[in-house]
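Beneath this line is the structure, given in structure tokens, with notes to follow.
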Amino acid sequence: MENQEFADIFWQVAEFLELKEDNPFKIRAYRKAAQAIESLPHNLEDIYAKGGFNALKEISGIGQHLAEKIEEKIKTGKVAVHEKLAKDFPAGFIELAEVQGMGPKTALLLYKKLKIDSLAKLEKAAKSGQLSKLPGFGAKKADNILRGIELKKKSHGRFLLDDATAHAELLCEDLGRLKEVKQLLVCGSLRRGKETVGDLDLLVVSARPEKVMDHFSKLAAVSQVLAKGRTKSSVILKNGMQADLRVVEERAFGSAAHYFTGSKDHNIRIRQLAQKKGWKVSEYGLFKGKKQLAGRTEADLYKKMGYDYIPPELRENRGEFAAAAAGNLPRLVELKDIKGDLHMHSTASDGANSIEEMAQAAKKLGYEYIAITDHTESTRIAHGLTEKEVLKHIQKIKAANRKVKGIEILAGSEVDIKPDGSMDYSDEVLAQLDIVLAAVHSRFKMPKQEMTERVIKALENKYVNILVHPTGRLLNEREAYEIDMEAVLQAAKKHKKMIEINAHPRRLDLTDINCMRARELGIRLAISTDAHSTDQLELMKYGVITARRGWLEKKDVANTLPLAQLKKLL
DNA sequence: GCCGTTTTCGGCCCGACTGTTTTCAGTCG
């Protein structure tokens, strides 16, 4: 059972309890627990199997009662409280409460008064003017709800990091032209480098907020204005993404950046910590009574609170406060530490550029080395190379290596792990390669146990160096295959294998949370782009930010090593 | 429902914008 299944139940119970107007702090406890479960590096079932009921209770945010519910779910497959609550509400209820502009209270009211239990009924009622007749409703509110329904219909969900980055840059360029804008910072989950981004959060310092708001709401990229106030506006962009703008004075820039960067859990935590000192943290600063103690910079804020500066990527309330208090924060790996790229394709399989073109492009990025790692026979769709072909290909790579000066080109291959766990090339062929990547490209729907054994068998092969895109997920497209990641990581540790962080924004695989676990186990990671063209080599930054979210330091990442040491490692 | 070198009971993060029930509840971040 995946952790997400437990978290979803708690999220839903919270929603139901809110609809029932239950104790708001109980609701919060359910949400906190759901959040905690989602950030857990270990599988809940495994935790229970190893440490029993008490191990569950040790998880922060899980107490006696929620631990009982987790145990119940493991033993019976369901949670009675959840089932019972779900019966009290029509199936489409949670969906209704999720419509922007609606909320649980409004959803409850509409269900009681008009028996609205689906999006279709809601839309009909809003269009017919039925809604405006209710007490507390007017024409504007009905319009708002219609807009919310439209938005939900065409919503893409979350956006990939590269896409979100590109849109943020365009907005900044536009906003930056305004002379009233003194400082500009993209905050939110994009700044934290989260694998996908829900909306863009922009922070501006200006003495003329109304000017900035006017300009922002009229930008070419804006399709709808959701809200426009003196210091805060929200718009929907033409690509369907929401963008929020906040304007503050310079003296509050740091605390506003901190507030707007999040995460929500990190913010709540710092506010609680301030409270214990008798202080208060908000977007306007750190206050003792009316006196501002800090706020101009984020660094001041942390320092005054007694913490080292916490980089945005770590702000997920996953132990960063304890580490920052003790001076134990990791020195996170940086893009400039990267000395090479160990996973890319050429025209020999499904890449767009030749070996030499890839090498030249990598050289421009300042790399010392790259590995050309084309596909193998079984991946026919990508024109994988047969054993005979790859032996010739190795010679071509070596020739290119002699020809292109100033960068080492390693002869590699992204070798299929066949369904039985054997490699697509014989050991004799694998032995000829400088570097061997192992990857699953077929039979994604295998049962978890089989898939785990399949991958572990590949890790037992002495020629394999790196397990690449270890879960096979494609964000917004394809779920990860079922695999016992803890067992895979243990096997990687045992056989001294590396694990890839695939930097492509569609993959970002290994995930941040599993990176944290790999680091704990002392496994070496490799950040690679899996580039299929020269321009994709620049996707490295997304892999680095994922590594940073996983608390990784330079020493944890193989391709920060100089060539000689890397070769020794291989 | 969780949690505790101020508490096993009594707290639980902080503020902006909207619409409308003219003083605030609901929603959102």
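Each chain gets a letter, A, B and so on, in the order the sequences are listed, and its residues count up from 1. The basis for the numbers below is simple: all heavy atoms, side chains too, and nothing from hydrogens, waters or symmetry mates.
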Should [X] be listed as having a side-chain N or O under 4.0 Å from OP1 or OP2 of [N]?
X: A/S282; N: B/dA16; answer: no
X: A/Q272; N: B/dC3; answer: no
X: A/S233; N: B/dC17; answer: no

Do we get A/K115 above A/Y111's six-membered ring, with its NZ or CZ under 6.0 Å from the centre and within 45° of the axis?
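Cation-pi check for A/K115 and A/Y111: passes.
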Base, sugar-phosphate, or nothing for A/E68, non-hydrogen atoms under 4.0 angstrom?
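The residue A/E68 makes no contact with any strand.
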When you look at NZ of A/K448, are more than 12 heavy atoms from neighbouring residues, nucleotides or ligands closer to it than 6.0 Å?
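Yes, enclosed.
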Mapping A/F137 and A/Q64 to their closest nucleotides on DNA chain B, which lands nearer the 5' end?
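Closest to the 5' end, via its nearest nucleotide, is A/Q64.
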So which one's nearest nucleotide on DNA chain B is more toward 5', A/K276 or A/Q100?
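Its nearest nucleotide being more 5', the pick is A/K276.
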Between A/Q12 and A/D8: side-chain donor-acceptor atoms closer than 3.5 Å
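A/Q12 vs A/D8: no donor-acceptor pair found between side chains.
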Is a side-chain donor-acceptor pair under 3.5 Å present for A/S263 with A/R315?
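Checked: A/R315/A/S263 side chains show no N/O donor-acceptor pair below 3.5 Å.
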On a plain distance test, is the side chain of A/N23 in donor-acceptor contact with the base of B/dG1 below 3.5 Å?
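Looking at the base of B/dG1, it does pair with a donor or acceptor on the side chain of A/N23 (distance under 3.5 Å).
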Please write out each protein N/O paired with an N/O of nucleotides 22-24 of chain B under 3.5 Å, distance rounded to 0.1 Å.
none

Measuring from A/N514:CG to A/D512:CG, what's the distance to the nearest 0.5 Å?
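Answer for the CG-CG pair, A/N514 versus A/D512, is 8.5 Å.
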